Amino acid sequence: MNYWLMKSEPDVYGIEHLRKAAGKTDTWDGVRNYQVRNMMRDDMNKGDLAFFYHSNCTTPGIAGIMKITRKGYPDYTAFDPEEKYFDPKSDPDNPRWYMVDVRFVRKLKRVITLAELKEQSALAELPLVRRGNRLSIMPVSKQQWDHILSLE
DNA sequence: GCCAACGTTGGC
DNA sequence: GCCAACGTTGGC
């Protein structure tokens, strides 16, 4: 089983949106980055756990935990011209973009802030805290996962 | 709102 | 295949 960190802007889609979704489950769609696409398509599996990270907001940080409930499958929002993330180059017969399904597990007792994560030498290798990193989904090692939870 | 960093696009 | 221009991300 793998661990992940997944970013979203809470003004657009935060952990409360997921908590209130039907079945507390939703699609993680709209990813239009090849590196992240590859991870969703090849490496994310049903049963994996992921941190829900709030980005581009007043206090960026980890807000909760979710579970992957469906492994990577074609992101159908890419096929719909009405969708914000429509991509005419993604062919339903040869999809360019993938998504996964996620289910709310719980909120953390408090948001573990980016500033705090940056102070942790144990997390120095986490892409999130590395300069210039732009991955919206990244792998988290078991050691990093446990360390982050110990901060809660 | 600024801007550094980085990915993508497209002309050549 | 190079690389300048452009667009996006996301912290601050």
Side-chain angles (χ1 to χ4, degrees), chain A residues 2-21 26-44 48-68 71-141 143-145 147-152:
Chain A
N2 296 318
Y3 297 91
W4 306 93
L5 181 146
M6 301 167 78
K7 298 182 186 175
S8 185
E9 301 184 20
D11 291 347
V12 179
Y13 193 93
I15 190 142
E16 280 301 309
H17 292 93
L18 181 59
R19 189 176 65 80
K20 292 173 183 167
D26 216 335
T27 56
W28 200 271
D29 57 53
V31 171
R32 298 292 180 264
N33 170 285
Y34 288 105
Q35 213 178 335
V36 175
R37 185 279 308 271
N38 292 346
M39 286 190 280
M40 289 201 295
R41 187 189 59 194
D42 304 331
D43 301 326
M44 296 184 88
D48 287 357
L49 291 173
F51 286 128
F52 196 128
Y53 177 88
H54 283 171
S55 68
N56 209 4
C57 55
T58 310
T59 308
I62 295 170
I65 296 172
M66 52 194 164
K67 179 174 281 199
I68 310 304
K71 72 189 298 285
Y73 63 106
D75 182 343
Y76 49 73
T77 68
F79 308 140
D80 182 353
E82 300 297 311
E83 289 281 349
K84 182 181 177 190
Y85 294 105
F86 171 61
D87 181 355
K89 294 176 186 165
S90 188
D91 179 349
D93 292 328
N94 184 21
R96 175 177 290 197
W97 304 115
Y98 280 68
M99 60 185 178
V100 296
D101 288 353
V102 295
R103 188 196 308 133
F104 176 88
V105 173
R106 68 177 180 90
K107 291 172 73 170
L108 298 191
K109 299 187 192 89
R110 61 184 189 85
V111 172
I112 299 175
T113 66
L114 175 63
E116 209 175 335
L117 295 169
K118 283 180 170 174
E119 291 170 0
Q120 305 294 320
S121 57
L123 302 177
E125 300 301 317
L126 186 66
L128 183 76
V129 302
R130 301 196 69 104
R131 181 165 152 264
N133 170 69
R134 296 176 59 183
L135 292 176
S136 64
I137 296 179
M138 68 190 71
V140 176
S141 73
Q143 288 75 16
Q144 290 165 339
W145 179 273
H147 185 84
I148 291 168
L149 279 183
S150 77
L151 303 173
E152 187 181 8

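A note on names: the letters A, B, ... follow the listed sequences, proteins ahead of strands, and every chain is numbered from 1. Because the structure is a prediction, the values reported are computed rather than measured.
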>> Nearest to the side chain of Lys89(A), heavy atoms from C-beta on, is which of dT9(B), dG7(B), dG10(C)?
In response: dT9(B)
> If you check every side-chain atom of Arg134(A), which of dG10(B), dG11(C), dC6(B) has the closest atom?
Replying inline: dC6(B)
>> Using the rule given for side chain to side chain donor-acceptor pair (under 3.5 Å), can you reason through Tyr13(A) versus Asp26(A), listing the C-alpha separation, both sets of side-chain angles and the distance that settles it, and then say yes or no?
In response: CA-CA 11 Å; Tyr13(A) 193 93; Asp26(A) 216 335; 2.7 Å; yes
Could you give the [atom1]-to-[atom2] distance, from [X] to [N], as a whole number of Å?
X: Tyr34(A); N: dT8(C); atom1: OH; atom2: C1'; answer: 15 Å
X: Arg130(A); N: dC6(B); atom1: CZ; atom2: P; answer: 11 Å
X: Lys118(A); N: dG10(C); atom1: NZ; atom2: P; answer: 13 Å
X: Tyr85(A); N: dT8(B); atom1: OH; atom2: P; answer: 15 Å
X: Asp87(A); N: dT9(B); atom1: CG; atom2: P; answer: 8 Å
X: Arg32(A); N: dG10(C); atom1: CZ; atom2: C1'; answer: 19 Å
X: His54(A); N: dC12(C); atom1: NE2; atom2: P; answer: 17 Å
X: Gln35(A); N: dT8(B); atom1: CD; atom2: C1'; answer: 14 Å

Under 4.0 Å from OP1 or OP2 of [N]: is there any side-chain N or O of [X] that close?
X: Tyr53(A); N: dT9(C); result: no
X: Lys7(A); N: dG10(C); result: yes
X: Arg131(A); N: dA5(B); result: yes

> Are the aromatic rings of Trp145(A) and Phe51(A) close, with centres under 6.0 Å apart?
Replying inline: yes
>> Whether the Asp101(A) and Trp28(A) side chains hold a donor-acceptor pair (N or O, under 3.5 Å, no angle test) is what I'd like checked.
In response: no
> Under 3.5 Å, is there a donor-acceptor pair linking the side chains of Glu9(A) and His54(A)?
Replying inline: no
>> Would you say CZ of Arg41(A) has more than 12 non-hydrogen atoms from neighbouring residues, nucleotides or ligands within 6.0 angstrom?
In response: yes
> In terms of the nearest nucleotide of DNA chain B, which residue is placed more toward the 5' end: Gly132(A) or Asn56(A)?
Replying inline: Asn56(A)
